[in-house]
Amino acid sequence: MAISRIIALTLGWEDLPRSASVFGASRTERVREPVPALLLEHDDGWLLLDTGFNTALLRDPALRRRFYPSPNYQPELPGPGEPLEEALATVGVALADVTRVALSHLHVDHAGGLKHFAGRVPVHVQRAELTYGLSNHPEPEHYSMARVDYDDPRIDWQLADGDVEIVPGVTALLTAGHTPGHQSFVVDLASGGGYVFACDAADLTENIASERAIGSFTGVTAEETIAPIRRLKEIGARRGYPVIPGHDPIAWPALTAELADRF
């Protein structure tokens, strides 16, 4: 069986320079990008792709100074509560209905909600990503990973070494570059068709349409981040699926509305 329903969630926003998403773009032009997550309904419940921010690291002044030290990057929460709980409640899904989680990568805007699932459900990630995130040096935190988000012995890690089917209808694709073990997702719908979710392998539509290198990368050159984009485009073209950028302020609200109308 394939996926019967997709719901797009917005768990916050990020105000940052366009150069953070597009290599060589303006450092002074600002973009307010959504923090995305996806709910995918399958035979055994809901699979959640990405989990948003850890609110404690934003609301506690001392923690915010440590984990968000740059005035150039300003995260924003959507409300006073837990963004994931509030977003799920809005679409009529309870936390307990989520039976699996998959992370595109371990950055603070994607792994911060793991605290809701530790000890409860399997969590899928690339082995290379977790190895990097748990390495004993300051580099991961320098590159926007907060170890407190994912260094929890209760988490039931499901580690992949490359492309892997997570549940029927959802395939994780290793698209390293943004981080050492970044993964994107191909989703096949039971009703026909599907989507390729680039996640942070391509933040914006221009990364995909114009094959522009991404602005944030680890362990590779800017030019090397274009190869995963081309691979995602090839898969999308072959299957007839659109390739969805990870943080586009126009494409993400449009997709959210499209999915709400479709399902």
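Looking at W252 and P34, their side chains come closer than 4.5 Å, going by heavy atoms from C-beta outward. Looking only at side-chain heavy atoms (C-beta outward), E206 and P245 stay at 4.5 Å or farther from each other. A 4.5 Å side-chain heavy-atom check between F263 and I7 finds every atom pair outside the cut-off. Put simply, the side chain of Q183 reaches to within 4.5 Å of the side chain of F185, judged on heavy atoms. Side-chain contact between V121 and R100: absent, with no pair of heavy atoms (C-beta onward) separated by less than 4.5 Å. Two residues are said to be in side-chain contact when any heavy atoms from C-beta on lie closer than 4.5 Å; F117 and L95 meet this criterion. Side-chain contact check for Y195 versus L255: some heavy-atom pair is nearer than 4.5 Å. Side-chain contact between L39 and L49 is absent, with no heavy-atom pair separated by less than 4.5 Å.
Under the 4.5 Å side-chain contact rule for hydrophobic residues, L47 and L159 do not share a cluster. Both V186 and L232 are members of a single hydrophobic cluster when ILVMFWY side chains are connected at heavy-atom separations under 4.5 Å. Cluster annotation: V123 is connected to L11 through the hydrophobic network of ILVMFWY side chains, with a link wherever side-chain heavy atoms come within less than 4.5 Å. The hydrophobic cluster containing L58 does not contain W13, counting ILVMFWY residues as joined when their side-chain heavy atoms lie under 4.5 angstrom apart, directly or transitively. When hydrophobic clusters are built by joining Ile, Leu, Val, Met, Phe, Trp and Tyr residues whose side-chain heavy atoms come closer than 4.5 Å, directly or via intermediates, V108 is grouped together with L130.
Distance alone, capped at 3.5 Å, is enough to place a donor-acceptor pair between the S135 side chain and the Y132 backbone. Of the possible polar contacts, none joining the E86 side chain to the P83 backbone as a donor-acceptor pair under 3.5 Å is found. Judged by distance alone, the side chain of E141 and the main-chain N or O of F67 form no donor-acceptor pair under 3.5 Å. With hydrogens and angles disregarded, no donor-acceptor distance shorter than 3.5 Å links the side chain of S210 to the backbone of N207. The backbone N or O of H116 lies less than 3.5 Å from a partner atom in the side chain of R120, making a donor-acceptor pair. A donor-acceptor pair is defined here as one N or O able to donate and one able to accept, closer than 3.5 Å; such a pair exists between the side chain of D97 and the backbone of A94. H137 places a side-chain N or O within 3.5 Å of a backbone atom of E139 that can act as its donor or acceptor partner. A donor-acceptor pair under 3.5 Å is absent between the side-chain atoms of T10 and the main chain of G12, judged by distance alone. Side-chain N or O atoms of D200 include none that pairs as donor or acceptor with a backbone N or O of D203 at under 3.5 Å. Without hydrogens or angle criteria, R59 side chain to P80 main chain gives a donor-acceptor distance under 3.5 Å.
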Kindly indicate, with the supporting measurements, whether the criterion side chain to side chain contact (heavy atoms under 4.5 Å, CB included) is fulfilled by N72 and R30.
-> CA-CA 9 Å; N72 217 23; R30 308 291 297 183; 2.9 Å; yes

Verify side chain to side chain contact (heavy atoms under 4.5 Å, CB included) between L103 and H124, making sure each step is shown before the conclusion.
-> CA-CA 6 Å; L103 297 178; H124 297 262; over 6 Å; no

Evaluate side chain to side chain contact (heavy atoms under 4.5 Å, CB included) for T131 paired with Q126, printing each intermediate quantity in order.
-> CA-CA 9 Å; T131 298; Q126 290 287 324; over 6 Å; no

Evaluate the side chain to side chain contact (heavy atoms under 4.5 Å, CB included) criterion for residues D248 and E33: first the C-alpha distance (whole Å), next the side-chain angles of each, then the deciding distance (0.1 Å), finally the verdict.
-> CA-CA 6 Å; D248 193 286; E33 297 183 357; over 6 Å; no

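When every heavy atom of R212 is checked against every heavy atom of I229, the shortest pair comes out as O-CD1, 3.6 Å. Among all heavy-atom pairs drawn from I155 and Y150, the shortest one is CD1-O, 3.6 Å. Heavy-atom minimum distance, C199 versus D50: SG-OD2, 4.5 Å.
Rounded to the nearest 0.5 angstrom, T205 OG1 and H247 NE2 are separated by 13.0 Å. A distance of 7.0 Å separates CG of L38 from CG of L9, quoted to the nearest 0.5 Å. Interatomic distance, CD of E211 versus CZ of R230, reported as 4.5 Å (0.5 Å rounding). A distance of 5.5 Å separates CG of D149 from CG of L57, quoted to the nearest 0.5 Å. Atom-to-atom distance recorded for T225:OG1 and I214:CD1 is 4.5 Å, nearest 0.5 angstrom. Between atom OG of residue S104 and atom CG of residue D109 there is a gap of 8.0 Å, rounded to the nearest 0.5 Å.
Using a 4.0 Å cut-off between charged nitrogen and carboxylate oxygen, E82 and K115 count as a salt-bridge pair. Between E234 and R239 there is no salt bridge, since none of the side-chain N atoms of the basic residue sits less than 4.0 Å from a carboxylate O of the acidic one. A salt bridge does not link D15 with R32: none of the charged nitrogens is closer than 4.0 Å to a carboxylate oxygen.
Residues that satisfy the side chain to side chain donor-acceptor pair (under 3.5 Å) test with E85, not counting sequence neighbours, are absent from this structure.
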Side chains of residues 162-173: which donor-acceptor partners sit under 3.5 Å, not counting sequence neighbours?
{"from": "D163", "atom 1": "OD1", "to": "L174", "atom 2": "N", "distance (Å)": "2.9"}
{"from": "D163", "atom 1": "OD2", "to": "R231", "atom 2": "NH2", "distance (Å)": "2.4"}

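No donor-acceptor contact under 3.5 angstrom links the side chains of T218 and T179, judged on distance only. Remark: the W46 side chain and the T99 side chain contain no N/O donor-acceptor pair separated by less than 3.5 Å.
Heavy atoms of other residues, nucleotides or ligands lying less than 6.0 angstrom from CZ of R27 number 12 at most. Within a 6.0 Å sphere centred on CD1 of I250, other residues, nucleotides and ligands contribute 12 heavy atoms or fewer. More than 12 heavy atoms of other shown residues, nucleotides or ligands fall within 6.0 angstrom of atom OH in Y68. Other residues, nucleotides and ligands contribute over 12 non-hydrogen atoms within 6.0 Å of the CD atom of E29.
Ring geometry for H178 versus H107: interplanar angle over 60°, hence perpendicular rather than tilted (30 to 60°).
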